[in-house]
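Below: the structure, in structure tokens.
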There are 2 protein chains.
Amino acid sequence: MERRLVIGLNIALTALVGDEPHVLCVKRPGGWGLPFGRFDPDEHRTFEVALRDFVERQTAVPLGYVEQLYTFGDKGREAPRASLVSGDESDRIVSVGYLALASEATATSLESAQWRPWYTFFPWEDRRTKGGPLPLIEDRLTAWAGDDEARQARFAFTFGSDDSPWAEERAIDRYELMYEAHAVAEAHRDRDGVDGPELFGEAMISDHRRILATAIGRLRGKMRYRPVVFQVIPDEFTLSDLQGGVEAILGFSIHKQNFRRGVESAHLVTKTEKTTQRTGGRPAAVYQVGPNAELKTAIGLPLPRLKP
Amino acid sequence: MERRLVIGLNIALTALVGDEPHVLCVKRPGGWGLPFGRFDPDEHRTFEVALRDFVERQTAVPLGYVEQLYTFGDKGREAPRASLVSGDESDRIVSVGYLALASEATATSLESAQWRPWYTFFPWEDRRTKGGPLPLIEDRLTAWAGDDEARQARFAFTFGSDDSPWAEERAIDRYELMYEAHAVAEAHRDRDGVDGPELFGEAMISDHRRILATAIGRLRGKMRYRPVVFQVIPDEFTLSDLQGGVEAILGFSIHKQNFRRGVESAHLVTKTEKTTQRTGGRPAAVYQVGPNAELKTAIGLPLPRLKP
DNA sequence: TTGCCATATACTCGCCGTGAGCAAAAGGCG
DNA sequence: CGCCTTTTGCTCACGGCGAGTATATGGCAA
């Protein structure tokens with residue numbers, strides 16, 4: 001018999017809550033997943049229309065910036081959730097992943113929908129503070145590599161080492177390495193039977209965690225050459241707010257003075273008359289987006305890494 | 001009645017022929033198009049398998065580097081070629097575009113397949129030499145903009161001006177602007193009735209020229225942070241060969257000495273004992289790819305633009 | 001009231017990447 | 001032998017950027 005093709009749309013919608021990036025998740029039988037919907041060729045003229053339609057209907061959260069990530073067509077990936085979407089096990093599901101940004105984590109109308117922090121799914125991606133589970137993970141991966149030089153090189157390259165620095169946008173490579181090392185729950189779920197000692201980060205259904213990793217990497221990469229931060233912060237902000245947002249997404253801390261100099265000299269922000277003392281010490285000037293902060297502008301934020 | 005979903009795979013396979021980038025085209029009733037095939041969920045495990053399968057079968061050209069570009073799902077775009085793929089007008093076609101690179105423009109087994117130069121489709125993208133159709137095009141677009149300030153700004157930004165430089169990777173934006181200005185044949189074909197004075201570049205069937213523009217832009221952008229050139233040049237080359245390849249893809253000329261300094265200091269190439277006097281003047285050293293030329297390396301080529 | 005703390009803001013210094021130009025070397029060819 | 005072509009080597013200066021130091025301005029507690 002002929003298998004029908006079904007196109008599913010997955011979306012990684014992220015917003016900032018304080019200094020933590022969050023992603024909109026939906027509770028499913030089997031765990032948390034990204035919001036997704038089936039693309040209906042009769043009803044929807046384009047993917048984006050369908051996407052906005054079902055996200056806003058399901059969760060009542062309006063979508064701002066939207067970008068297509070990747071189309072996943074691998075056989076096998078759909079098995080665990082075929083029944084969730086179509087109810088027909090014989091359908092072949094192809095899914096299109098999207099990244100979307102919201103300037104505010106709006107309350108969802110659906111109780112099964114919830115904003116959850118990025119780094120509960122990817123604890124190793126947050127390097128703003130030392131400590132945390134990172135040493136544990138590195139031990140785990142060192143053990144996985146063992147004497148295999150290819151594995152060692154890949155580990156060093158993907159997670160950073162002396163001669164190859166940590167590349168924040170390589171989130172998907174790190175997740176895939178974790179997967180191959182059986183250090184994430186999905187690896188066990190997909191290839192049944194095998195079991196592993198320690199698992200890191202919270203799992204998601206199907207390959208949604210992979211899609212989220214792709215979204216994180218894409219967003220981080222984009223920050224280098226497009227002023228995307230302004231899509232996830234309010235219209236009025238202090239430079240500390242801005243820097244906090246950047247650091248939250250990138251997952252590492254940056255040098256304050258040079259960051260300030262960079263955004264101001266690039267006319268990415270404009271100072272207003274107002275000040276706020278919400279931040280604690282000396283009152284901070286309130287800024288707005290500047291003339292060069294349009295999305296199409298091919299200007300990146302200055303990202304002076306802090307070394308410690 | 002229910003419309004069925006069909007997934008088509010389109011590929012922009014490019015290779016260098018001398019100092020001109022070429023793309024593999026297939027002759028169809030209605031004009032030239034990119035090689036494409038229908039994805040069969042029963043037969044193919046992944047998109048890439050399907051892609052390699054049908055390209056190598058149709059044209060006998062082996063695929064090297066492959067990268068997914070974008071998935072196009074707009075209604076209407078498939079109309080002109082629905083009959084070519086499925087024969088059933090009521091199907092809804094979604095197509096996944098791919099970029100692929102070959103190190104050599106291998107002869108095709110199919111007589112309807114042929115390598116054709118990029119810039120016959122996009123004459124305005126080649127700025128290596130002055131002159132050409134560029135002034136004509138600029139006149140055309142200036143006329144299109146007229147007094148509309150938004151159009152003027154968009155034209156200046158997309159095609160470059162005094163304060164916003166020519167951004168080579170913005171090929172798709174330029175094509176879309178040409179489309180809206182009715183300066184390409186596809187605009188007339190899609191919205192029938194309208195006719196325009198002058199048309200630029202050769203047309204392709206369906207939206208294949210849009211896909212090719214996306215591929216060109218993606219490839220050009222990738223050159224800034226990945227050593228992709230080495231996928232389209234032979235194993236042994238002179239630095240002039242390398243520079244010629246870079247310039248061919250980017251569409252502008254670069255500064256020779258600084259380019260050389262860049263690739264050598266970044267260990268992207270290694271010098272061999274051999275020399276060649278194929279180039280004319282003083283014999284040139286023959287180089288091979290260096291240790292940092294792997295695709296995963298996050299190192300870009302130095303691209304010192306030449307100003308004249 | 002005074003001293004301390006926290007944050008914001010201002011200014012300086014030096015390295016080095018990169019754009020740009022000059023000059024010499026090593027072939028072919030009339 | 002002199003001229004042309006292309007390759008190759010070297011220098012110089014500007015500006016971006018990493019890094020450090022110093023000052024301003026609020027809250028708060030002793």
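Residue numbering restarts at 1 for every chain, and letters A, B, ... go by the order of the sequence lines. Computed from a predicted structure; not experimentally measured. Keep in mind that the numbers below use all heavy atoms, side chains included, and drop hydrogens, waters and symmetry copies.
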Q. Across the strands shown, which category fits B/Thr238 at heavy-atom distances under 4.0 angstrom: base, sugar-phosphate, nothing?
A. nothing
Once you round it to whole Å, what is the distance between [atom2] of [N] and [atom1] of [X]?
{"X": "B/Asn258", "N": "C/dG17", "atom1": "CG", "atom2": "C1'", "result": "10 Å"}
{"X": "B/Lys274", "N": "D/dT7", "atom1": "NZ", "atom2": "C1'", "result": "19 Å"}
{"X": "A/His255", "N": "C/dC11", "atom1": "NE2", "atom2": "C1'", "result": "13 Å"}
{"X": "B/Leu242", "N": "D/dT7", "atom1": "CG", "atom2": "P", "result": "12 Å"}
{"X": "B/Arg260", "N": "D/dT11", "atom1": "CZ", "atom2": "P", "result": "16 Å"}
{"X": "B/Phe259", "N": "C/dG21", "atom1": "CZ", "atom2": "P", "result": "19 Å"}
{"X": "B/Glu264", "N": "C/dT18", "atom1": "CD", "atom2": "C1'", "result": "16 Å"}

Q.
I'd like to know if the side chain of A/Gln231 pairs up with that of A/Tyr65 as donor and acceptor (distance under 3.5 Å, no hydrogens or angles considered).
A. no
Q. Between the side chains of B/Glu125 and B/Tyr175, is a donor N or O closer than 3.5 angstrom to an acceptor N or O?
A. no
Less than 4.0 Å between a side-chain N and a carboxylate O, is that true for [Y] and [X]?
{"X": "A/Glu169", "Y": "A/Arg218", "result": "no"}
{"X": "B/Glu168", "Y": "B/Arg224", "result": "yes"}
{"X": "B/Arg128", "Y": "B/Glu20", "result": "yes"}
{"X": "B/Lys271", "Y": "B/Glu264", "result": "no"}

Might you list the N or O atoms of the protein lying below 3.5 Å from N or O atoms in nucleotides 27-30 of chain C, with each pair's distance?
from, atom 1, to, atom 2, distance (Å)
C/dG28, OP1, B/Gln277, NE2, 3.2

Q. Between D/dA19, C/dA10, D/dT6, which nucleotide has the shortest distance from any of its atoms to the side chain of B/Ser240?
A. D/dT6
**Q.** Minimum-distance nucleotide (side-chain atoms of B/Gln257 versus C/dA8, D/dG20, C/dA23)
**A.** C/dA23
Q: Over 60° means perpendicular and under 30° means parallel, so classify the ring planes of B/Phe155 and B/Phe159, tilted if in between.
A: tilted
Does [X] place a side-chain N or O at less than 4.0 Å from the phosphate oxygens OP1/OP2 of [N]?
{"X": "A/Lys256", "N": "C/dA8", "result": "yes"}
{"X": "B/Arg261", "N": "D/dC10", "result": "no"}
{"X": "B/Thr279", "N": "D/dT5", "result": "no"}

